[in-house]
Amino acid sequence: MIYTLIVILAGIAVLCFIRVWRGPTMADRMVAVDMFGILVVGITPLLALLYKREFLIDIGLAWIFISFIGTIALAKYLEGKKFDE
Amino acid sequence: MNELIGLIIITVGVVFDFFGVLGLLRLPDVYNRLQAATKCITLGTCGIMLGTFVMNGFTGLGIKALIAIPFIFFTAATGSHALARGAHKFGIKLWHKSVCDKYREKVTTDKGNK
């Protein structure tokens, strides 16, 4: 059961890359990468449940902050530019 | 019993994640995509964490999953807000059927008052 859920979540996370590939603007790609980070955080507790290893959820806790800092940096980078540059 | 309830909550979270990614793929505009994806995926991931906590109780894994819930709430909301503001300042147009742009109205009235 948990194995099936992990496979489904991994498929959903891969679907985000369709938006990264076709996104018409730069902001679309940033949104898709941000959502991909949160989906991977959702996979880690399921892996910890499947393999009975407690430390796997620590990867998720660290990933939240790395993804947050990356998103803030990308948003500030986006704010300083104009559409045609 | 706890196992069953936890599995049901985790499945509901996965379904929310799926609908969030569906909104990310199908909606027409950056801002629409941002709100659909952020709300659904934040709630779905928090549901997965809550289900893990219900399955394990107050062990190490359960406590860590419970701690992760407020972190996900605050960081996802703050990051998506910053992205929406950056996209608006970058100059991305709204969808042609969108009817109101409160942020632009606020910016223009603030400039007029100065």
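Below, chain A is the first sequence line, B the second, and so on; all start at residue 1. Keep in mind that this is a model prediction, so the values were computed, not measured.
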*Arg22(A) versus chain B, heavy atoms under 4.5 Å apart: side chain, backbone, both or neither?*
side chain

*Which bit of Met30(A) comes within less than 4.5 Å of chain B, counting heavy atoms only: side chain, backbone, both or neither?*
both

_Most chain A-contacting option - heavy-atom pairs closer than 4.5 Å, from Leu25(B), Asn56(B), Thr78(B)_ = Leu25(B)

*Selection from Val14(B), Leu34(B), Leu83(B) maximising heavy-atom pairs under 4.5 Å formed with chain A*: Leu83(B)

*So which part of Ile72(A) gets closer than 4.5 Å to some heavy atom of chain B, the side chain, the backbone, both or neither?*
side chain

*Is there side-chain contact between Thr38(B) and Met35(A), with at least one heavy-atom pair below 4.5 Å?*
yes

*Under 4.5 Å from any heavy atom of chain A - which part of Thr59(B)*: neither

_Heavy atoms of other groups near Tyr31(B) OH, more than 12 under 6.0 Å_ = yes

*Are the charged groups of Arg33(B) and Asp29(B) less than 4.0 angstrom apart, N to O?*
no

_Which atoms of Val30(B) are under 4.5 Å from chain A, going by heavy atoms: the side chain, the backbone, both sets, or neither?_
both

*Contact origin within Ile12(A) toward chain B - heavy atom pairs under 4.5 Å*: both

*Taking every heavy-atom pair that is under 4.5 Å apart, which of Asp34(A), Ile2(A), Ile8(A), Asp58(A) has the most such pairs with chain B?*
Asp58(A)

_Pairing of Arg19(A) and Asp28(A) as salt bridge, 4.0 angstrom limit_ = no

*To the nearest 0.5 angstrom, please state how far the CG atom of Leu24(B) sits from the CG atom of Asn32(B).*
11.5 Å

*Give a yes or no on whether the ring-centroid distance for Phe71(B) and Phe65(A) is below 6.0 angstrom.*
yes

*Heavy-atom pairs under 4.5 Å with chain A are the metric here; pick the option from Ile10(B), Ile41(B), Ile72(B) that has the most.*
Ile41(B)

*Given side chains that start at C-beta, do those of His88(B) and Asp101(B) come closer than 4.5 Å, heavy atoms only?*
yes

*Segment of Leu15(A) engaging chain B (4.5 angstrom heavy-atom cut-off)*: both

*In terms of heavy-atom proximity below 4.5 Å to chain B, should Leu46(A) be classed as side chain, backbone, both, or neither?*
side chain

*More than 12 heavy atoms of other groups within 6.0 Å of Tyr103(B) OH*: yes

